Student: 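Encoded as C-alpha cells, here's the structure I'll be asking about.
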Amino acid sequence: MKLKKVISVMLVGACVFSMAACGSKKEEAKKIESADDLKDAKIGVQTGTTGDIYCSDDFGDDHVERFNKGADAVQALVKGKIDAVVIDNEPAKAFVDANDGLKILETPYVEEDYAMCFKKGNTELADKFNAAIKELKEDGTFDKIIGYYIDGTEDKGYESPADADRSNGKLVMATNAAFEPYEYYENDKIVGVDADFAKAIADKLGMELTINDMEFDSIIAAVDSGKADFGAAGMTVTDERKQQVDFSDSYYTGKQMIIVKK
C-alpha cells in the first residue's frame, strides 16, 4: 500500500474514532422553561440590579455572570455564552424586539416596586418628592408619561411649561441611561419614564433638573456622597438598599423577567 493511501486510511479511522471522543457534536443548549430551570444555568444580569441580587441569592454566584450593561448580557446570550438573562420587563421587551431568536418567558421571575432614592436622613427632599409624586399621579401626568413610553397611547412625553419657574435651585439626578424605556439616549439626550417624571417633579418644585449618567451600581454611592440629590433608574425598593438610602413612595410596579433563546 502506498504511503499516501496508508495516511489517508489512518486519518479516516482517527476521525471515526474521534467523533465521540472529541465531541464533534455540539452540546445542546440548556432548555429554560421556568425559573426552576435556572438552578443549573448560567444567568446573565446587570451588575447591582435586583436581577443580580435575586439570582445571586437564589442560585449562588457560580451561576451568575455580571455585566455593566443589560445589552452586554443580552449579546452574551445571543452568542451562546450564557443560558438566560434576568432583567426588568420593559427593557426585556426592547432587547427581544432588537434581537431575533430571543423570547421572554411568560411567568415573571419576581414583581417589584420602583421608587427614587435619597441620601439617608434627607427627609425634607423625600417629603417634597412624595407630595409631587402624589399630585402628578392624581392629575394624570404620570399616566401620560407611561402612555407615551410604555403603552403607546400618547403622542408625546412630558414637556415643561414655557413659563416654568426654576428659581428654587438645582436638582441633580443620578441614573444609568441604558435602561429603555425608563432612561436611555435619544438624539444625545436622556429621555424615558424616569427622566420625564423627574423633570415633572422638578417643575413642581420650581427647580432645574440635571441628569448624570453612570453605571447602575454607582448610583447609590453618588447619592450617599452628595454628588447627586437623588437616584432614579427603574430602581427597586429592597431591604438591603433601605440600609443605604431612603426611598420615595413607589411610583410604578415592575417585573423581573427571564430572556432565553427560542
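Values in this document were obtained by computation on a predicted structure and should not be read as measured data.
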Student: How long is the gap from CD on Glu33 to NZ on Lys31, to the nearest 0.5 Å?
Tutor: 5.5 Å

Student: On the 0 to 90° scale, with breaks at 30° and 60°, tag the Phe142-Phe197 ring pair as parallel, tilted or perpendicular.
Tutor: tilted

Student: Might you point out which heavy atoms bring Leu136 and Lys204 nearest each other, and give the distance in Å?
Tutor: CD2-CE, 3.8 Å

Student: Partners of Asp61 by salt bridge (charged side-chain N to carboxylate O under 4.0 Å, His left out), sequence neighbours excluded?
Tutor: Arg66

Student: Does the pair Met207 and Arg166 meet the rule for a side chain to side chain contact (heavy atoms under 4.5 Å, CB included), with working shown?
Tutor: CA-CA 4 Å; Met207 304 182 78; Arg166 297 190 176 89; 6.0 Å; no

Student: Quick one: which of Asn176, Asp217, Asp52 gives a side-chain hydrogen bond (donor to acceptor under 3.5 Å, both in side chains) with Gln46?
Tutor: Asn176

Student: Supply the atom-to-atom distance Asp165 CG to Glu208 CD, rounded to the nearest 0.5 angstrom.
Tutor: 11.5 Å

Student: Using a cut-off of 6.0 Å, state whether more than 12 heavy atoms not belonging to Lys227 lie near its atom NZ.
Tutor: no

Student: Please check if any side-chain donor atom of Gln256 sits under 3.5 Å from a side-chain acceptor atom of Asp88, or the reverse.
Tutor: yes

Student: How close do Gly70 and Ile87 get, counting heavy atoms only, and between which atoms?
Tutor: CA-CD1, 3.9 Å

Student: Rounded to the nearest 0.5 Å, what separation is found between the CE atom of Met257 and the CD1 atom of Ile104?
Tutor: 6.0 Å

Student: A side-chain contact here means heavy atoms from C-beta on lying under 4.5 Å apart; do Ile133 and Ser248 qualify?
Tutor: yes

Student: Restricting to non-hydrogen atoms, name the atom on Ala177 and the atom on Asp213 that form the minimum distance, rounded to 0.1 Å.
Tutor: N-OD1, 2.8 Å

Student: Decide yes or no for Asp246 and Cys117: does some side-chain heavy atom of the first lie under 4.5 Å from some side-chain heavy atom of the second?
Tutor: no

Student: Passes side chain to side chain contact (heavy atoms under 4.5 Å, CB included), Val85 versus Ile82? Steps please.
Tutor: CA-CA 8 Å; Val85 172; Ile82 56 177; 3.8 Å; yes

Student: Just by modelled atom types, is the Ile53 backbone N or O under 3.5 Å from a matching donor or acceptor in the Thr50 side chain?
Tutor: no

Student: Checking Asp58 against Lys39 for the salt bridge (Lys or Arg N to Asp or Glu O under 4.0 Å) test, could you report, in this order, the C-alpha distance in whole Å, the side-chain angles of both residues, the deciding distance, and whether it holds?
Tutor: CA-CA 8 Å; Asp58 290 345; Lys39 62 181 181 296; over 6 Å; no

Student: Would you say that Tyr149 contacts Val191 through its side chain, given a criterion of any heavy-atom pair below 4.5 Å between the two side chains?
Tutor: yes

Student: Hydrophobic clusters here meaning ILVMFWY residues chained together by side-chain heavy-atom distances under 4.5 Å, can you tell me if Ile259 and Ile150 are in one?
Tutor: yes

Student: Measuring centre to centre across the rings, with the benzene-like ring taken for any Trp, is Tyr114 within less than 6.0 Å of Tyr182?
Tutor: yes

Student: If you group Ile, Leu, Val, Met, Phe, Trp and Tyr by side-chain heavy-atom gaps below 4.5 Å, do Tyr251 and Leu125 land in one group?
Tutor: yes

Student: Nearest 0.5 Å, what's the OG-CG distance between Ser160 and Asp196?
Tutor: 9.0 Å

Student: Show your reasoning for whether side chain to side chain contact (heavy atoms under 4.5 Å, CB included) applies to Phe129 and Leu171.
Tutor: CA-CA 11 Å; Phe129 265 64; Leu171 270 177; 4.0 Å; yes

Student: Are the aromatic ring centres of Tyr184 and Phe179 under 6.0 angstrom apart?
Tutor: no

Student: I want to know whether Phe247 and Phe118 have ring centres closer than 6.0 Å.
Tutor: no

Student: Can Lys189 and Glu186 be said to form a salt bridge (Lys or Arg N to Asp or Glu O under 4.0 Å), step by step?
Tutor: CA-CA 5 Å; Lys189 181 182 178 183; Glu186 186 174 86; over 6 Å; no

Student: Compare all side-chain heavy atoms of Lys134 with those of Asn130 and state whether any distance is below 4.5 angstrom.
Tutor: no

Student: Are Met116 and Ile201 packed together at the side-chain level, in the sense that at least one heavy-atom pair is separated by less than 4.5 angstrom?
Tutor: yes

Student: Could you check Arg241 against Thr236 for side chain to side chain contact (heavy atoms under 4.5 Å, CB included), going step by step and ending with a plain yes or no?
Tutor: CA-CA 9 Å; Arg241 288 173 179 163; Thr236 304; 3.8 Å; yes

Student: Nearest 0.5 Å, what's the CG-OG1 distance between Asp139 and Thr141?
Tutor: 3.5 Å

Student: Regarding Lys255 and Glu112, does a basic nitrogen lie under 4.0 Å from an acidic carboxylate oxygen?
Tutor: no

Student: Are Ile190 and Ile146 grouped together when hydrophobic residues (ILVMFWY) are joined by side-chain heavy atoms under 4.5 angstrom apart?
Tutor: yes

Student: How long is the straight-line distance from CD of Glu65 back to CG of Leu77, given to the nearest 0.5 Å?
Tutor: 12.0 Å

Student: Grab the two heavy atoms, one from Met173 and one from Ala228, that are nearest each other, plus how far apart they are.
Tutor: C-CB, 4.5 Å

Student: Between Lys120 and Gln243 (side chain of the first, backbone of the second, donor and acceptor by atom type, cut-off under 3.5 Å), is there such a pair?
Tutor: no

Student: Taking Val245's backbone N and O only, do any of them form a donor-acceptor pair with Asp224's side chain (distance below 3.5 Å, no angle check)?
Tutor: no

Student: Salt bridge or not between Asp83 and Lys42? Use side-chain N to carboxylate O under 4.0 Å.
Tutor: no

Student: Return yes when atom CG of Asp100 has more than 12 non-hydrogen atoms of other residues, nucleotides or ligands closer than 6.0 Å, and no otherwise.
Tutor: no

Student: If only atom types and distance count, is the side chain of Thr47 paired as donor or acceptor with the main-chain N or O of Phe67 below 3.5 Å?
Tutor: yes

Student: Quick check: do Leu205 and Asn168 have side-chain heavy atoms less than 4.5 Å from each other?
Tutor: no

Student: Ignoring hydrogens, what is the shortest heavy-atom contact between Ser34 and Ile258? Give both atom names and the distance.
Tutor: C-CD1, 4.4 Å

Student: Consider only side-chain heavy atoms of I, L, V, M, F, W and Y, link residues closer than 4.5 Å, and tell whether Val110 and Val45 are in one cluster.
Tutor: yes

Student: Counting heavy atoms not belonging to Lys144, are there more than 12 under 6.0 Å from its NZ?
Tutor: no

Student: Grab the two heavy atoms, one from Glu90 and one from Pro181, that are nearest each other, plus how far apart they are.
Tutor: CB-CD, 3.1 Å

Student: Thinking salt bridges, do Asp229 and Lys170 make one under a 4.0 Å N-O criterion?
Tutor: no

Student: I'd like to know if the side chain of Asp113 reaches the main chain of Ser250, judged simply by a donor and an acceptor atom lying under 3.5 Å from each other, with no hydrogens or angles considered.
Tutor: no

Student: Can you tell me if Asp57 uses its side chain to pair, donor with acceptor, with the backbone of Tyr54 under 3.5 Å?
Tutor: no

Student: With no hydrogens and no angle check, just 3.5 Å: does a side-chain donor-acceptor pair link Tyr148 and Asp155?
Tutor: no

Student: Inspect the surroundings of CG in Asp151 and state if more than 12 heavy atoms from other residues, nucleotides or ligands are less than 6.0 Å away.
Tutor: yes

Student: Under a 4.5 Å side-chain heavy-atom rule over Ile, Leu, Val, Met, Phe, Trp and Tyr, are Val193 and Phe95 clustered together?
Tutor: yes

